[in-house]
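To start, the structure under review is shown below, and the notes come after it.
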Amino acid sequence: MDPLEIVGNLHNTKPIYQPIISAIRHTVIGYEVLGRYRNGDEWVSLGDFFLDSEVPEEFKVEVDQHLLKMAIKDMLDTNTEGYLFINRNAKQLMVNDGEDLLQTLISFEQKGFSMSRIVIEVTEHDFDEEFENLNHLLLYYKTYGIQVAVDHVGAKSANIDRIRQLEPHILKIDTDIIRNHKSDGFQDIMHSLSMLARRIGAALLFENIEDNFQLHFAWKHGGRYYQGYYLAKPGFDLTAKRPLSVNVTEKVSEYIRREKRLVEERVNHVLAWEQKVKNAIPNWHGPKKIDTFIEALTAYFDEESFRMFICDSDGQQVSANFRKRGKEWEIEPDKKGSNWAFRPYFLENTMQMKTWNRGILSDIYSDIETREMIRTFSYPLTDQYFLFIDIQYSFLYDNESLLI
Ligand code: CA
């Protein structure tokens, strides 16, 4: 479509609204505004127009301003509450120092549409150029209560530092990346993004949710907002209070039931392991006979473990390593004297174990020696000595509750 034709026929454009659903109340909390253009009998997407770098930014500003005014007017006319998410690229925002958008919003604020209901979506791609200018402009917008979302987060992981600087209110994650990254690598990206979001106090919004699996994924990974055809398709009419395509409350109850079952299973593993170690405690005759103690214990953890050892409360390994190779447990005496206190949470965990007299199961991590994903079950034998039982990947793999 000819961009000139679009700009010359603004009356043929109109906004369409894609509902955004809250994970807290399972209701629509706002809409992302997208643009449509009347081409004969059909309404076609304006996506290509906005994404085309050949189209002058001034054209995009003009069309976007028109769509925005119609959208806010629609919201006011229909008494629709909630947020309005609008897409703007950096270059477009820079036109006229971003004043057009601001003036429009100020004029609507006077008509009763609070600026705090506006969420500006900027994309990560925009961070490459003019980041400092963009950052300043968005900071200025924020002083008016306008919120900022970063769109397509995770597409480029190099931007973590810039996202941090921008301190957006929302990170929008394209659920497409689950489809394209079936590997563990994606779990790691997701984990980093959740940590980042927590650190900067941003909410996660998962968009393009197209099936139950993706909704479950979004829920499980702390998504505060959901968006996608699986839940609701975009529509022109805000008054049509269309029900969502799926019953989110019902779906979430399913996820909760499933998650509770897995947590319970995991806790039961830990309780069973604790019991096995407790049964062996009568064989504990102090650090002098430490290796005999572990040796006796290996038989009880033959299925689960591939490595066991004991440390004192300073992280010093006071036993040999018991290391299973094939079916045999071998003793590696040279590991005695290693210090493990530098490892994350080591001192915190030993203190917790000692205080509560309970075992602890670590999260899943990659073992430096074997490169396999493992977990460690640890238990306080006394106030000073702590048993570490590394659980092998094959056992985790056979027990779903231990894989998450
Ligand atoms: Ca968007």
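Both counts, for ligands and for their atoms, begin at 1 and track the order of listing. Because only heavy atoms are used, hydrogens play no part in the values below, and waters and symmetry mates are left out as well, while side chains stay in.
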**OP:** Would you please indicate if the ring centroids of Phe386 and Phe309 are separated by under 6.0 Å?
**Re:** no

Subject >> the Ca ion (ligand 1) to nearest N/O/S of Asn87 below 3.0 Å >> reply: yes

**OP:** Check all N, O or S atoms of Glu32 and name the one closest to the Ca ion (ligand 1).
**Re:** OE2

Original post:
Between Asp291 and Lys336, is there a salt bridge with N-O shorter than 4.0 Å?
Top reply: no

Subject >> Angle subtended at the Ca ion (ligand 1) by OD2 of Asp151 and OE1 of Glu121, nearest 10° >> reply: 80°

Subject >> Under-4.0 Å salt bridge between Lys220 and Glu259 >> reply: yes

**OP:** Step through it carefully: locate the ring centre of Phe217, locate the ring centre of His221, and say whether they are under 6.0 Å apart.
**Re:** yes

